[in-house]
Structures are given as C-alpha cells and as structure tokens.
Trainee: 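After the structure tokens below, expect a handful of questions from me.
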Amino acid sequence: MASFKPTKVQFLPKLGEKVTEETLYWKNYKSPVQIKEFGAITKIDFSPLPPHNYAVTASTRIHIYGPHSQEPIRSFTRFRDTAYGGRFRGDGKLLVAGSEEGLIRLFDISGRVALRQFKGHSKAVHMTSFLSDGFRVVSGSDDLSCRVWDVPSAVELSSLTEHTDYIRALAPSKLNPDLFVTGSYDHTVKVFDMRSGSSVMTMQHGHPVECVLLYPSEALLVSTGGRYVKVWDLLKGGQELVSLKNHHKTVTCACLSSVGNKLLTGSLDRHVKVYNSSYKVVHNFDCDASILSMAIAPDDEALAVGMTNGVLSVRHRRHQKDKEMLTSRRRRGPSYQVFVKGKNFVPRQDDFLVSKPVKQYLRKYDKQLKSFEVSKALDTALQTWTRTSKPDVTVVVIIELNRRGTLKNALAGRNEEIRGCFCVLFFRHIFDPRFSRPLLMVGDIVLDLYQQVFHQSPVVERLLQRLMEVLGREAELQQELLQVLGILDTLFTSLTPRKEALAHNGMHVTRHDIEQ
Amino acid sequence: MVEKSDVRVVRCGGSKINLRPPIISTDSRFVLCASGDSVKVYSTRTEEWLHSLQGHTNQVTGIALNPANHLQVYSCSADGTVKLWDFIDGILIKVQLVLFFLHAVDKSKICFQLVAVHLPKSAEQEVEAKELSAVSSRISPNPSCTAFGREGQYIAFARHLQLNVYFFRKQKTYSFSLKATDKKGAKNAFTCIACHPADDCIATGHEDGKIRLWRNFIHTKEYTYSTQHWHHNAVNTLCFTPEGTNLLSGGIESVLVQWQYGAGNRKEFLPRLGGSILHVSTSSDGQLFCTSHSDNKITVIESSFKVCGVIQGLVKDAVFTDLMIDPRSKALVLNGKPGHLQFYSLLRDKHLYNLDIVQQEYIYEAGLDQFEVVKAAFDIKGYWLATVEERGQKSSDLEFVLKLWAYDERTQSFVLNTTITAAHTDRIISMCFSSSEETTMLVTTAEDGQFKAWCQGADADTQQDQSFWSCDFVGSYHNLTPTNCSFSADSSLLAVSFQEVITIWSPDTWELLTTLCQPPGVVRDLCFGQLSCSKYLIATTTRNLLCCWNLLTCALEWSTSVEVSKLQPDPLSENVAAFSYQSKHTDLFVFKPNEPRPLFTHKNVCSEKIHRAVFVPREELLNNCDESSQWLNRSQLYFLTQNMVFHNFTCVSLVQLVIDDSIAVTPFYLLLGKHRQQQQKLNTPSHPAADKPQQPQGSVTITELLHTPAHVLPAASVLCSMFVSSLLISNTGVREMESSEQEMNSEKEEEHSEEEMEACDSQQELRAQGSVDEVTPKLSKAQERELKRVRKTDFSWMAGLIDSKP
C-alpha cells in the first residue's frame, strides 16, 4: 500500500545569493595553504613557464615557490633593505626587483648573486618590470621618475619625470616593446611610448593609483586606487568605461584570470572580489588580513594572495580527479560487496524477469517517526552533529512532532543535558526567521514543563539568563526596525507622486514580508 | 413551476460505496457493494465497474449472497423490499415486499427492532412477506453490532454496554453487560461484533480499542471473556476468516490487523490503507479480504496481506475547495483523500487520480489537526494550478502554505513549482488566476486586509530556465477585508470586493480605477460577464440583492432582490446561473447579464442550500433551439448537494441538469426507439418520476448489453439470440417452470434497523438440494439452457461445501 512519506526538509533559498556557472567555477578552490613570510608581502609574480613557480617579495628577500611546495625552492636574500616588485622576464629565466635604497637588481633564476645592478634612482623603487623585448627594464620610483635600463650594458636609456608624486604602479605592454603604463599617487595614469620619449595618454583616476593592469588585447586598461576600480578604453583615447566601487577600503591589487579574462581585485578590506565580464561581482574570497598583493597562475590553477601580516595564502584549484577520489572513498563499504553479486547479469531473451520491490531508505528520525517513537525521533534530531550543521532537520522534526500533536510528550521527562541542548538551540537559531516560530513554541512548552526544576541546574539557569538578555536586545532591534520602516514609508509617500506612492509602498511591504 | 418539462435534475454519480460491507462472490471474481439505490458489481481483478443492479427506489441498506445459489444475491432497501438478483447477468429474479416492516419503522423511529423475516417460498415474482417475528428491540442502529453465530444457531447483538445472544432453537435471549468503567477515560461501549464460524466464541470490539473474546455464553452465569488491545481508537469492524483461524479488525488508524485465533497476541499488520477502515469482509474461500474505507474506497487484499486492487469512488469526506474543471482533461477537481486533490471524470463517473498536495504523512487519528487543501484554482489553459493548504483552523496559530504547480507534459501531471510559506499574515479567503492567455497572474485576498498579485518572475542571472512565482503587487483599500476577486474576460480589469465596496483595478499599472458600492449588505459573490456581456459585473450581497453594473458607464444597470447562495458564470457563454435558497428549497435561475429577465427558471431543484456548482463544457455541442434549454448547448451544469439523509452521516450526491434524451441517432437507436414505442403502446403510459431514470422493463437486457464492458460479455452467438428475443413483444403471463418438484425451503432471517436493514443470511437448511428458482418470463430459451447448465454444475459443488461445513 501507500508507503511512508518521509518528512520533507524545507529548502529555502538564501537571499541575494544566486548560483551560476561562474560562482561554481570560483567556488571550486580548495581551502587555502598558509605560508608565513618575514614581512608584508608586496608583490607576487608567477613564472610564465611551467611548472609556474612564483616569486614572492616580502621584507628583504624574494622567495621562489614551486606550485605545490610549502617551502621556498630558491630565495634571493642579498638585499640590504626592503625589496620591492620582484618580477619574471617573459622566458622565466631572469628576475628583476627594486628596493628601498633605490637599487634595481637583476637575478638569474638559478644563481644567487645579482647579475646586474642598476643605479640611478635616488629614492625607493617600488615597481620594476621587463619590457616585452626582454632586453630592457623599466622602473618606477618614489623620486617621481620612471627610468628605462638596458640589460646587457646596465646603463640608463632614458628617464621620464612627468608624474608629480610617487610612482607605485607599472604595467608594460606585451604587444609593443616600447609601450608601458604607469600609475602614480598624483591621481593620474599615463601611457608612455619610448619611441617618442614622453607620455602619449593621461587618464585622471581621481585617487592615488595603486595598481594598473592591461587586458591581453591591450584595448582596456584597469587602474585601482582609493576604493575605486576603473576600466579605461584605450582605443577610444582613454575614455572611462566603468567605475566600480565594491570594496570599502583601498583597492591595492588587481589581476586577470587566464580563463575568460575575469577581473579580480584585492583590497585592504580583506576581500578578493571576482567580476564577470559585465563587471558584476560573482564571487568573493575572504582573507585574514589586509591584502597587498595577489596573483593568479596560468589556467587559474592557483590563486596566491599576500597580506600585510606576512602570510601568503595559496588556493589551489580542485580537480575532477580529486572529487572522484573523495566520493569513491566515501562509498567504500560493506554494501558494495554485498550487492555486487548479479549486478552485471544480462537477462536472456526468454527469461522471465521478477522485479524486486524497491526498498525505501529512510533517515533514522523518519524510521522512528514511522513507528511512532516520538521521543527517540526527537533525540535523533537533537544529536550534536544534526543540531549544529543541519538545524533545519532538527526544526523540521519538531514541526512534524507538533503536527502529530505529540511534541509535549516528546519533550517531557528529559534530563538536564537535553534541556541545555534546547537552550543552545534557541541561542543559535531563534532569530532565524525560518526557525523562530517553531522554536518559540518549543520554548513555551519547555518553560511550562520544567518551570520547577530549572533552578536546580546552574548551567541551564545561566543559559536561560543569557537567552533572556538576547531576546530583550532582539525585541529592541525589531522595534527600531519598525520605526525606520515607518520613517521610510512617510518619505516614500511624500517624495513620489501620488499614484506611484502606492506601488512603492507595496513593493516595500513585499520585501519585508519575504524577509519575515 | 417548471417552465419546460424537458430540463430536469438527474442524479449522476458519486454515490457512496462504503455504507455497507462489500461482499466477494464465491468464485472471487466479483465484488458487490451497495451504492445509493443500486448494487454495483466490480471485478476484483481489473477493479472495473461492470454493471449495477438497479431497481430499488431508496437507499440499499444491505446485501448478502444467497447461500443456496452462489450466483444470486439478496439486497434489501429502505423502500421496504428485499430483492433477489442474478448478479452476473444483472437480472432481477424476485421481489419481496415487506410492507409490515416499513410501518413498524415509521411508528418507532427511535427504537430499532430486530425482526426475523420468514421469506416465503413461492414462484411468483412479487411476494409479500407476512411472517415477521420480532426478536428484540434492544439493538444498536449500527448493523455491525449484530452477527449470526455458528451455523445460524444464534444471533448476537449489542447496544451500549450490553451484549445479547438470542438462540433460535430455544427462542431465548441471554444478555451480558459490562461495567461502565471510566478508568482513564476508557469507554466500554460495544462497536462491533463477529462470531466465530466453527467455535462458540463471540468477538466484540469496543470504543476504547479493546477486543473481547466471549466464550461459554451458552450458560449465562459461567461466561468468560479475554481482552486484547492494540487499537488506540474505537474498533470499527471485526471479521473472522471463513475457517476461523484468524480474526481481522480495523479502525480509524487505517491499519488492518490480523489476530491469530487462539494464539494470544500474535498479530500481523497492514498499515496505511488510506482512510479509516469501516468494514472488513472475506471471500468464502478465505483467499481475499475486502476492506471499505471512509474515503469511499474498497480495497481488495490477498490473504498474504498484499493489496491487489483498489476500487475508488468519489471521495467526499469534506469538500473545502470549489468545484473546478481541469481545462485539459475536463475532469472535475475537488478535495480528495486527506491532503490530496482528486480528479474525477463526470462522464464516466470514475475516479481518475489523486494529486498529492500536502506531501506529508497523514496520521489517522481522531481529533488531530492536519493540513488540508482549502483552496485551489486552475489557470485558463490548465497549465498552472494554485493550491492553499491550511492547518489549525480551530486553534489560534494558523499555518497555511500557498503552492503553485506547473503541468509537466512528460509525466502528464502537475509538478510543484513554488511553495510560498507566508503568503499573507492571515487566512487566504479567495484566489483567482487572470484569464488572459499571454501572462499568467494569480491574485489572492486574505483576512489581513490585503490582496496580492503573484507573477511568474524569470530570473535573468540564474541560467536554469526554471521560473518561480513572486509577489508583484500588494494592494489594500482602507484596511477593509477583501473577500472576493475576479478578473474580467480579457484580464484588463481586476475586481476586488472589500465588504460593501467593489474596487476595480487595472492589473497593468495597478491603478485603482473606480469603486462601486450598493449598500446595504456585504458582497458575497462576484463575477464578470463573459463574451458579449463582458462589460457587466455581477455581484450578490448578504442582504439578498443581485446587482449588475455596467462598467462602461460605471452605473448600476439593474438589481433584483433575491437570496443567492451561489453565482456561477458559464465560461463558454454569456449565461450566469444563480442558485437561490428560499423557504427551505433551492431554485435555479439562469440569466444573461444584459437582460434582467431570466432565461430559465427551475423551482425546487432540491431542498438544501447549494454552495458548489460548476459548468462543465460539453464534448459535443448540442443544437437545441428551444429557448429554455439553449443555455445547456455548450456546457452542462453540475451542482453538489449536502443533504443530511442519515443521522450524523453527511451524504453528498452529485446532481446534474440534463436534457431528457441523450442517445445519439444511430440505426441501433431507431431500432430501440421502435421497441420503446411498442412498449409504451402495451403498457399504460405512466410518467416516470422526475428524478429517477426508469427503464422500460423489456429493455433491461438491451441496456445490460450496452452497459456491460465487452470483455465480460458472453459469446456473441449467445447474445444474438438473447438480443433478438428481447426485442420481441414478450408474453406478460408468468410461465411456470417444469422443475417445480424440487422445493427450496428458503428460511431466511432478516434483521432490520430502521431504514438501514441488513440482510444477513444464516445457514439455511437445505433439504432439497437441486433448487431451481423462478425465472423471469422474459428469459429466452437460450438463457434458460444456460442457467440450467450452470445450476447443474454448481449443484455438486454446493453439496460438497455443505458436507464440509459441520
């Protein structure tokens, strides 16, 4: 006959979170690997050659890490002062870095000692980079100048002093060896052409520029500074395409993913935001400290984030293989060995098939509800694991018991431990609009049942005291919210013309209702 | 008075099949059950309705197999007759009038009498039974409180706390009474009785769920009983298997319990049968059990406790929803079993399927408040279904859920699309879908003073092409409670009534266009005119006013003072039907909104107030030119009555208004028509009663032939001669059969209880074994031969059975 209908756990969609292909893609990173460096990490750069080692500039040294190593496979420590902006050449064999004392050093990846030293800057050099021909190095310094150096002869080719403040951002063009972009604290972004020896384009960012970035097509330029991320169209003569304000502190770094050229920005507010192609935030990585630098490996294999507290956090991409391993490990059990017999049997033409009734698998609490063991079902639902990680299951069982009219019976005659359980449950979830109604009902019944015995246990009594405080605060908050709602309503009615007022009002109430 | 006599009310189905225990024929092929004023025959294998035995003029109150002939069945009815039928062919064999009995009942309505009726043996078709002997008057109105004991030696019956056993031999009654213990609120009253077929043991069920087995009751003093307890509510029914090895019991829990006789507490369960069990019966070989349930259902169960068939009638426990027509299947949709909507084919009078709305385990327990579907609505194309389920109507914490279901082409069923848990802050009063084809919109009105419009919002960001419903607009009017809502035919206007005021909104801009008001009286019902009358808005008020507004002029077109209980517009024509309840009977008016004069009036449709009615589109249009019946050309009008025929029982029957002739013109019809004319020439033209279709006697065979499914009919060669002979003018004289040398002493005891009397046959003393019954004169030669053959075969079989019995 009709089989037992298992209790249905209500699935409620979370407000404001939409699952799309992109969020799934960005969610598919493993939990981060944390590596402690000696000081704030100012620059991370991935080698363009496989296996995509990455250079991390922090304090007075530059470490090079392998893709999966937690220990540096090589380190450059010959800096007298803080090193800045360690960057690979296009073939991944040379590395250039500036420093606090104004010296620019050039290293061979396999060596230790600097191959070349470029002297000329009078103040700290925060940004260095190879131009795309590989024979010249460009540097931006705090002495307001931007210099281009010849690698073979270690001489200065030219010096450009067009900026009026520190230069803290630099991006060479990959398509043209004579072009590079600089960003400065004078709120401007300039495009320099070495052939003319001066800037060819100037864009006003409006805030001290922290980072500039060129799209691979080099038609679009990204600059970050202040709380703003701005995208400029270079082909239209530097017109501002879009201005994004998604961070609430200075945006310090930006990079582009190699799959689909999605923009990622990191900020001092400890978030990395991922934008889709229409510049909507699709994902958010949280970090422990303010972010100073960030880089993403080719094919988005790993995302490395450097922070002010000297912690480098590397997230590796989760692969299908890993997932399969996980699931196969979970499935291994006696059931497979039992039911493997006859699994691969192919019936012949004239065989008469006798179908076995499909067995209905029920959860433990459902089995107990099926046999009307209400107290046991409540116990199952109140197990620590269920209570903490799946409170909706607990609440659904409570609702089901109430529907059967046996909730009071199930709650009665419990020991101190269970009563404590309930108090903890109330704390956590009584303000969750999904759960508040059934939990308040349970609360009433529990208080009624155990009124006499509550004071016998100090633990439960303390919990109850706390619960009362929390409830009082929540009531005040609700009152304030209602007041704000009233103010908003009057504002809406007074501001908008009469007919639209009604609709606005309606919409507002709707949203409120849904939240309820 | 009735304006034209050709439009009349016909009871068209949905009768109860669970009033009395169903019986299984000896060969386990058929299930018979009393249903309204007929006995219905179902097949146990296919669950198909084969035919019905029609002829009683009132509720059939009991059926029993003829122990002497296993192809015959006795039925008794509240019209005071006991009839004997051949249930395979559906032929009436004998009628016995028990006129005495009717008188007795009329005089003593309150005290029920158990009467033994001696069925006289005679060859005539209509016999009057005169030999009546009163057995006892201490009998419960519930027929399950009486049972025959071993081989018909005694009869046990109970009322309240007293059990009586009447021995036919001694003509003596022994009575045993229980103490009225109120320990823990337990109630001891008897609810049902069963007697062991071979042992001197009586099993009784009690209101507190206990089962007592009484023994040694032949001696009044030394009786003993043992108690067994599993049911937590009253035991509704008890039944011993034919061998007496097991005892079956059932109650409100919807669990069939099988107790092993004499093995203490060993028992088996068959849970979740659906609906509380009202009756249990077994086939004579013990291979099949049959339970009938409160949701108008008969379940056929194998003796291995496996359900092998379900015969479902129209579920009519409690109807909260309006009657609706599924636009796709044209099936009637209303509340089904708890938490379900049922789809019911009106044309075939057949239950189609149940749609699970609540999707929760239903707990069969008395007094438990559970989710019930209270509102439902279809959109115009049948693509969307909106339902409201409610729980806690009585208590203060009301829970309700609004659900939207989308039709899935692949599975041919409705699939849950959106669940809205807190659609309003208070109970939803009404809801309707917009009638336009392009955009679907749902409007709900609730007691919190708001009406809400729900739209299907496509989410651009989510790449799945599923679309869910969300709130589009919330409207209110001076904090009044909205009651009804209705969309105009083209969905350009929405009318929402707020107590005395009707507000007209534009669904595109959500602008309040105008308000209409005609005090005094709160608006009770609201509808727009259809087709050419779509500019009219019709409303009824509690102060007996039927108003019609013209929406172009925003002025009252006409109004009339009539108490309207139900206003039902026809979606396919301009007509509107209004049921008016005045001075204890209901009248029907059909009118067009553009003229206040009604098209059609039918006085005294029925005696109860009508709250639910529906227009059902016809499959084929009729072209009647008659003015008074023209309104039935496109659709038929069905309505639901709620009559209290029995004490405490709510009997609902579906009533339909039809035009008299419904047979299509075929060659067969012409033949039949001629036959009918001949019949009418022969018989004195007697006008049949208005609400009962009475077939002329001669055409019973023909109708049987037409109604019986082809697969259960005998061979065509047999039928052909039958058919031809049935068309002949039959002799009215009674032909005596030559086989009168054998006599059957059909002593038959009958117990009666007011209108509901039950014919429970005791073991009959069969002195002569080759019994031949009277045959109706209209039987053909071929049939006689057939009957004879059958009798010969079953003669030896019966003998074997009787030998094995003692």
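Here is how names work: the chains are called A, B, and so on, in the same order as the sequence lines, proteins then strands, and each is numbered from 1.
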Trainee: Just checking heavy atoms, which of residues 393-408 of chain A are less than 4.5 Å from chain B?
Mentor: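 So far as heavy atoms go, A:Glu400, A:Asn402, A:Arg403, A:Arg404, A:Gly405 are the residues that approach chain B to under 4.5 Å.
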
Trainee: With a sphere of 6.0 Å drawn around CG of B:Asp508, does it hold more than 12 non-hydrogen atoms of other residues, nucleotides or ligands?
Mentor: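 For B:Asp508, atom CG is crowded (more than 12 foreign heavy atoms under 6.0 Å).
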
Trainee: Begin from the C-alpha positions of A:Lys8 and B:Gln360 and carry the test side chain to side chain contact (heavy atoms under 4.5 Å, CB included) through to its verdict.
Mentor: CA-CA 7 Å; A:Lys8 221 174 179 183; B:Gln360 247 177 3; over 6 Å; no

Trainee: Any donor and acceptor pair, going by atom type alone, linking the side chain of B:Glu361 with main-chain N or O of A:Lys5 inside 3.5 Å?
Mentor: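 Between the backbone of A:Lys5 and the side chain of B:Glu361 there is a qualifying donor-acceptor contact (under 3.5 Å).
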
Trainee: If I take atom CZ from residue A:Phe372 and atom CD from residue B:Glu253, how far apart are they, to the nearest 0.5 angstrom?
Mentor: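 If we round to the nearest 0.5 Å, A:Phe372:CZ and B:Glu253:CD are 9.0 Å apart.
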
Trainee: Counting heavy-atom pairs under 4.5 Å to chain A, which of B:Ile301, B:Thr419, B:Thr421, B:Asp356 comes out on top?
Mentor: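 Of the options given, most contacts go to B:Asp356.
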
